[in-house]
Amino acid sequence: MTDPNESTPREAIAPYLAKTRWFGGKGRDFEVGEVRRVATLGDGDPWVDVLVVELRYADGDVEHYQVPLTLYTDPERRLDHAFLGWWEDAERGWVHAYDALHDREATRLWLLGFVAAREADSGAGGTAEVGGLTFHRLPGYDLDVEAVGSLFSGEQSNSSVLFGEDSILKLFRKVTPGANPDVTVHDVLTRAGSTHVAHLYGWVAAGEGADEVHLGMLQQFLRTATDGWDLALSSIRDLYADPEMAAREAGGDFSGEAGRLGEALREVHDTLRAELPVDTSSAPSPAAVAAAMNRRLDAALGVVEGLGAHAETLRSVYDALARLDHLEVQTVHGDLHLGQTLRTALGWKIVDFEGEPAKTLAERLEPDSPWRDVAGMLRSFDYAPHVVEQQQADWTQSDDESLDERRARGLEWAERNQRYFLAAYAGGDLSDEQDLLVHAYLADKAVYEAVYEARNRPDWVGIPLAGVARIGAR
Ligand SMILES: Nc1ncnc2c1ncn2[C@@H]1O[C@H](COP(=O)(O)OP(=O)(O)O)[C@@H](O)[C@H]1O
Ligand SMILES: [Mg+2]
């Protein structure tokens with residue numbers, strides 16, 4: 001009789017992916033293609049197989065996911081929640097397989113790889129080859145070798161493991177050959193001494209030359225960090241708790257934080273511009289960028305009811321952009337919003353430089369306008385009051401305040417923090433050209449959001465539409 005759990009790695013992967021929070025292909029039809037073992041760490045109890053799994057979607061897309069498995073001869077009850085299946089392995093006999101990131105015995109093997117990379121080069125940083133992986137270290141930090149790994153429980157598209165309070169290992173789930181910008185950008189910012197990112201300690205890769213794939217990175221663990229998005233929402237909850245209060249009076253007034261965040265972004269942009277020169281010879285002209293924005297607007301008009309009323313205004317903003325002589329581009333964050341910021345005792349840090357998840361790696365590596373990042377943050381300030389409103393759906397109108405009045409105070413909160421953020425970023429008043437750039441990128445972002453909301457959360461489409469409506473004609 002066969003055991004109901006008996007399977008093969010290939011059979012076990014699809015049902016497991018469906019259960020994880022990081023798998024981006026949920027709800028799409030796919031089949032598992034090639035399952036490639038790129039590395040093996042450890043020599044039994046456990047073995048860790050680092051798999052790269054090809055997923056072939058019904059619509060023709062192909063993606064590759066990193067799925068490291070920890071394999072034990074006997075069942076490990078403590079890992080039941082991360083169980084994939086059991087099967088007979090040609091080299092090891094019968095094995096029980098679990099998601100390796102849940103297993104501290106397994107994650108320790110990555111930590112030891114990074115430790116080896118340092119020892120190999122007498123403290124100056126270096127590399128170590130272990131089991132098919134190449135571990136790279138930057139100079140200047142002694143890892144806590146005894147730190148125990150635990151899986152980070154936050155909402156993520158990748159998977160992170162905390163090593164005590166010492167370091168944090170992020171393993172990329174969706175992987176593509178070539179350098180991951182999260183690694184390269186953190187590398188540059190760390191070596192330049194930026195105080196606004198978690199320092200990079202090292203990274204891990206497999207393959208060589210054109211086949212090299214970045215699989216993960218090890219960073220400074222920010223002990224005192226609070227998520228910027230959570231902080232913003234609690235500031236708004238404070239504001240809403242008292243109908244008499246205006247945004248500037250609220251105990252949780254956020255404007256000081258918004259300003260410091262603007263300074264942090266400016267410093268990060270300045271450092272990237274200075275340290276990571278980009279090839280601007282193929283940079284798009286303002287007219288080409290405006291044309292792309294117009295195309296996205298055209299496509300959105302077919303999807304979002306209510307956008308048409310603003311189309312003319314948006315086109316006049318894009319036309320003004322097209323008339324600029326020149327557009328500065330550089331390496332940027334690419335997917336910036338409050339959820340990618342952490343406030344620590346030592347100021348704001350910006351995380352996750354992987355770029356917009358929906359874009360291809362080649363697109364994410366293109367230099368872009370820094371105003372795209374600025375617009376991302378400004379839109380995030382705009383969303384925050386609406387999200388609190390949704391979370392407090394049981395709020396009933398009181399004699400003191402109607403919903404419209406409360407929304408007006410929420411908008412005041414958003415506009416106040418946008419103003420402080422922007423002024424700090426620009427170091428004062430914006431020039432006419434800067435003002436135009438902000439509005440063009442804001443419009444483009446809000447159009448993108450409107451399409452997303454129309455498709456996924458139709459009740460929310462009013463949020464970006466209201467943002468679009470506030471954009472003035474040029
Ligand atoms: N260096 C760090 N120290 C402490 N917490 C961190 C650190 N880096 C990230 N985090 C936390 O992990 C979350 C996810 O990190 P992120 O890099 O955005 O991963 P993902 O690529 O999966 O989105 C962040 O929102 C933050 O809460
Ligand atoms: Mg993130």
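Residue numbers run from 1 in the order of the sequence given. Worth knowing before you read on, the calculation uses all heavy atoms, side chains too, and leaves out hydrogens, waters and symmetry mates. Remember, it's 1-based here, ligands and their atoms both numbered in the order they're listed.
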Suppose we measure from [atom] to each protein heavy atom; which comes out shortest, and what is that distance?
atom: atom 1 (N) of ligand 1; result: Gln220 O, 2.8 Å
atom: atom 8 (N) of ligand 1; result: Val351 CG1, 4.0 Å
atom: atom 16 (P) of ligand 1; result: Lys170 NZ, 3.6 Å
atom: atom 22 (O) of ligand 1; result: Asn158 N, 2.9 Å
atom: atom 20 (P) of ligand 1; result: Asp352 OD2, 3.5 Å
atom: atom 15 (O) of ligand 1; result: Gln156 NE2, 3.9 Å
atom: atom 3 (N) of ligand 1; result: Leu222 N, 2.9 Å

Proximity to ligand 1 by part of [X], non-hydrogen separation under 4.0 Å:
X: Asp227; result: side chain
X: Leu342; result: side chain
X: Phe152; result: side chain

Check your understanding: Is there a heavy atom of Ser157 sitting under 4.0 angstrom from any atom of ligand 1?
Key ->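 Yes; Ser157 lies near enough to ligand 1 that a heavy-atom distance drops under 4.0 Å.
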Review point. Is a donor on one side and an acceptor on the other found under 3.5 Å between the side chain of Glu363 and the backbone of Thr360?
Key: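 Judged by distance alone, yes, a pair lies under 3.5 Å.
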Review point. Is it true that a side-chain atom of Ser235 and a backbone atom of Leu231 form a donor plus acceptor pair closer than 3.5 Å?
Key: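 No, Ser235 side chain to Leu231 backbone: no donor-acceptor pair under 3.5 Å.
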For ligand 1, which atoms, with element, lie under 4.0 Å from some heavy atom of [X]?
X: Gly339; answer: 25 (O)
X: Ala198; answer: 1 (N)
X: Ile168; answer: 1 (N), 2 (C), 6 (C), 7 (C)
X: Phe221; answer: 3 (N), 4 (C)
X: Gln340; answer: 18 (O)

Between [X] and [Y], is the ring centroid distance below 6.0 Å?
X: Phe221; Y: Tyr201; answer: no
X: Phe172; Y: His214; answer: no
X: His96; Y: Tyr72; answer: no

Check your understanding: Could Arg137 and Phe114 be counted as a cation-pi pair, given that NZ or CZ must be under 6.0 Å from the ring centre and within 45° of the axis?
Key ->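 Because its charged atom misses either the 6.0 Å distance or the 45° angle limit, Arg137 does not stack over Phe114.
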Exercise for review: Determine, for Trp348 and Arg260, whether the Lys NZ or Arg CZ falls below 6.0 Å from the six-membered ring centre while staying within 45 degrees of the axis.
Suggested key: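 Pair Arg260/Trp348 does not count as cation-pi.
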Check your understanding: Can you tell me the N, O or S atom of Asp352 that's nearest the Mg ion (ligand 2)?
Key ->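 Distance check against the Mg ion (ligand 2) picks out OD2 in Asp352.
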Review point. Are more than 12 heavy atoms from other residues, nucleotides or ligands located less than 6.0 Å from atom OH of Tyr141?
Key: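 Counting other residues, nucleotides and ligands, OH of Tyr141 exceeds 12 neighbours.
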Exercise for review: Hey, can you tell me if Tyr425 and His269 have their rings parallel, tilted or perpendicular (30° and 60° cut-offs)?
Suggested key: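 Tyr425 and His269: perpendicular rings.
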Check your understanding: For residues 332-348, which residue pairs qualify under salt bridge (Lys or Arg N to Asp or Glu O under 4.0 Å), counting only residues two or more places apart or in two chains?
Key ->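 Every salt bridge (Lys or Arg N to Asp or Glu O under 4.0 Å) pair that includes a residue of residues 332-348, provided the two are not neighbours, is Glu257-Arg343.
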Practice item. Examine Gln340 and say whether one of its N/O/S atoms is closer to the Mg ion (ligand 2) than 2.8 Å. Key: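 Gln340 does place an N, O or S atom closer than 2.8 Å to the Mg ion (ligand 2).
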Point to revise | Partners meeting side chain to side chain contact (heavy atoms under 4.5 Å, CB included) with Ala424 (sequence neighbours left out) | key: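 Ala424 satisfies side chain to side chain contact (heavy atoms under 4.5 Å, CB included) with Glu263 only.
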